[in-house]
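These notes concern the structure reproduced below.
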Amino acid sequence: MADTVADTRRLLSKPQNLNDAYGPPSNFLEIDVRNPQTVGVGRGRFTTYEVRLKTNLPIFKLKESCVRRRYSDFEWLKSELERESKVVVPPLPGKALFRQLPFRGDEGIFDDSFIEERKQGLEQFLNKVAGHPLAQNERCLHMFLQDEILDKDYTPSKIRHA
């Protein structure tokens with residue numbers, strides 16, 4: 001029986017120059033959820049979030065975009081991805097039904113700490129989804145991230161590389 005010896009030699013790599021170290025990354029996708037705004041009164045009150053995208057990925061038609069979305073829009077995106085794609089879609093932050101009960105003595109779902117926590121959860125959700133190569137081909141994701149008005153009656157389809 002022949003003895004096998006592990007090859008422990010280092011891989012040869014080219015030296016890094018300043019452009020490699022400090023130049024723009026080859027591919028990047030940044031999504032921020034920020035600037036929550038609560039609008040409306042009574043039962044018509046809701047919070048919207050600014051969704052900002054910066055990328056150099058060729059599959060996205062706009063390299064920078066900024067749209068406003070509410071929680072129900074994120075629910076729509078999640079259900080569309082589950083219905084149309086082969087991607088395992090991560091969960092959204094919870095609906096917080098307990099916080100919607102009357103007579104709580106606080107702002108419930110409009111409390112600043114809850115909105116901040118939800119904002120962080122929505123950002124994590126979007127970055128996980130948008131970072132998935134198969135999800136990047138879904139038209140609903142592109143609409144959600146880049147179209148000012150969300151057309152929920154769209155025809156599902158795949159995005160082709162430019």
Side-chain angles (χ1 to χ4, degrees), residues 21-101 104-162:
Y22 298 104
S26 55
N27 283 324
F28 71 93
L29 174 66
E30 297 174 10
I31 299 174
D32 298 317
V33 177
R34 59 190 193 175
N35 193 17
Q37 293 178 353
T38 300
V39 296
V41 292
R43 298 202 39 83
R45 192 174 180 200
F46 59 91
T47 301
T48 63
Y49 302 86
E50 185 179 286
V51 177
R52 187 186 60 83
L53 167 94
K54 282 187 177 181
T55 187
N56 66 354
L57 295 175
I59 195 153
F60 289 95
K61 67 181 180 207
L62 301 174
K63 299 309 168 202
E64 289 190 27
S65 62
C66 188
V67 295
R68 290 206 76 80
R69 297 291 182 246
R70 55 190 289 184
Y71 184 82
S72 60
D73 296 330
F74 285 85
E75 290 178 314
W76 172 84
L77 175 63
K78 182 178 188 311
S79 69
E80 287 299 300
L81 288 169
E82 288 172 338
R83 186 169 60 98
E84 294 300 326
S85 74
K86 304 284 187 257
V87 176
V88 176
V89 183
L92 282 167
K95 192 72 171 147
L97 296 175
F98 178 71
R99 282 189 165 272
Q100 295 178 32
L101 295 174
R104 284 181 37 92
D106 66 5
E107 288 283 319
I109 62 171
F110 303 109
D111 186 69
D112 288 343
S113 63
F114 174 74
I115 289 173
E116 180 59 30
E117 187 179 312
R118 178 176 268 184
K119 178 180 76 72
Q120 290 173 5
L122 294 173
E123 184 173 301
Q124 286 176 344
F125 167 80
L126 272 184
N127 277 290
K128 285 179 184 175
V129 166
H132 195 292
L134 292 176
Q136 290 174 4
N137 293 322
E138 296 297 330
R139 185 164 177 232
C140 60
L141 177 65
H142 287 252
M143 290 170 43
F144 182 90
L145 291 172
Q146 299 194 312
D147 291 357
E148 194 69 36
I149 296 171
L150 202 51
D151 177 13
K152 294 182 180 178
D153 295 324
Y154 81 113
T155 303
S157 63
K158 304 287 185 211
I159 301 292
R160 305 279 180 241
H161 282 277

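The two residues I31 and A130 make their nearest non-hydrogen contact at CD1-CB, 3.3 Å. Residues V33 and E123 come closest through the heavy atom pair N-OE1, 2.9 Å. Counting all heavy atoms, side chain and backbone alike, K78 lies closest to V89 at CG-CG1, 3.7 Å. The minimum heavy-atom distance linking E50 with R68 is given by the pair CB-NH1, 3.5 Å. Across all non-hydrogen atoms, the minimal contact from L62 to L53 is O-CD2, 4.1 Å. Among all heavy-atom pairs drawn from L81 and C140, the shortest one is CD2-SG, 3.8 Å.
No side-chain donor-acceptor contact under 3.5 Å links D147 to the backbone of I149. Between the side chain of H142 and the main chain of K61, no donor-acceptor pair closer than 3.5 Å is present. Between the side chain of K63 and the main chain of L57, a donor-acceptor pair closer than 3.5 Å is present. In this structure, Y71 contributes its side chain and L122 its backbone to no donor-acceptor pair below 3.5 Å. Side chain of R118 to backbone of G94: a donor-acceptor contact under 3.5 angstrom is found.
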Q: Run the numbers on I115 and T38 for side-chain contact (heavy atoms from CB on, under 4.5 Å), then give the verdict.
A: CA-CA 9 Å; I115 289 173; T38 300; 3.7 Å; yes

Q: Start with the C-alpha distance between E116 and Q120, add both sets of side-chain angles, then the distance that settles side chain to side chain donor-acceptor pair (under 3.5 Å), and finish with yes or no.
A: CA-CA 6 Å; E116 180 59 30; Q120 290 173 5; 3.1 Å; yes

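Proximity of S65 to K54: side-chain heavy atoms (C-beta onward) are nowhere separated by under 4.5 Å. P36 places a side-chain heavy atom less than 4.5 Å from the side chain of T47. At least one side-chain heavy atom of E75 sits under 4.5 Å from a side-chain heavy atom of L92. Side-chain contact between N56 and N27: present, with at least one pair of heavy atoms (C-beta onward) separated by less than 4.5 Å.
For the pair R70 and F46, the cation-pi test (distance below 6.0 Å, angle within 45°) is passed.
Applying the ring-ring contact (aromatic ring centres under 6.0 Å, His included) test between F144 and each of F60, F74, Y49 identifies F74 as the sole match.
How far CZ of R69 is from CG of L126: 10.0 Å, rounded to the nearest 0.5 Å. Going from atom OG of S72 over to atom CG of L150 covers 9.0 Å, rounded to the nearest 0.5 Å. The CE atom of M143 sits 11.0 Å away from atom CG of L145, with the distance rounded to the nearest 0.5 Å.
Salt bridge present: K152 and D73 bring a charged side-chain N and a carboxylate O closer than 4.0 Å.
Applying the salt bridge (Lys or Arg N to Asp or Glu O under 4.0 Å) test to residues at least two apart or on different chains, the pairs with a partner in residues 127-142 are E138-K158.
Under the 3.5 Å distance criterion, with hydrogens and angles disregarded, a donor-acceptor pair is assigned to the side chains of E80 and Y154.
Atom CD of Q37 has more than 12 neighbouring heavy atoms from other residues, nucleotides or ligands inside a 6.0 Å radius.
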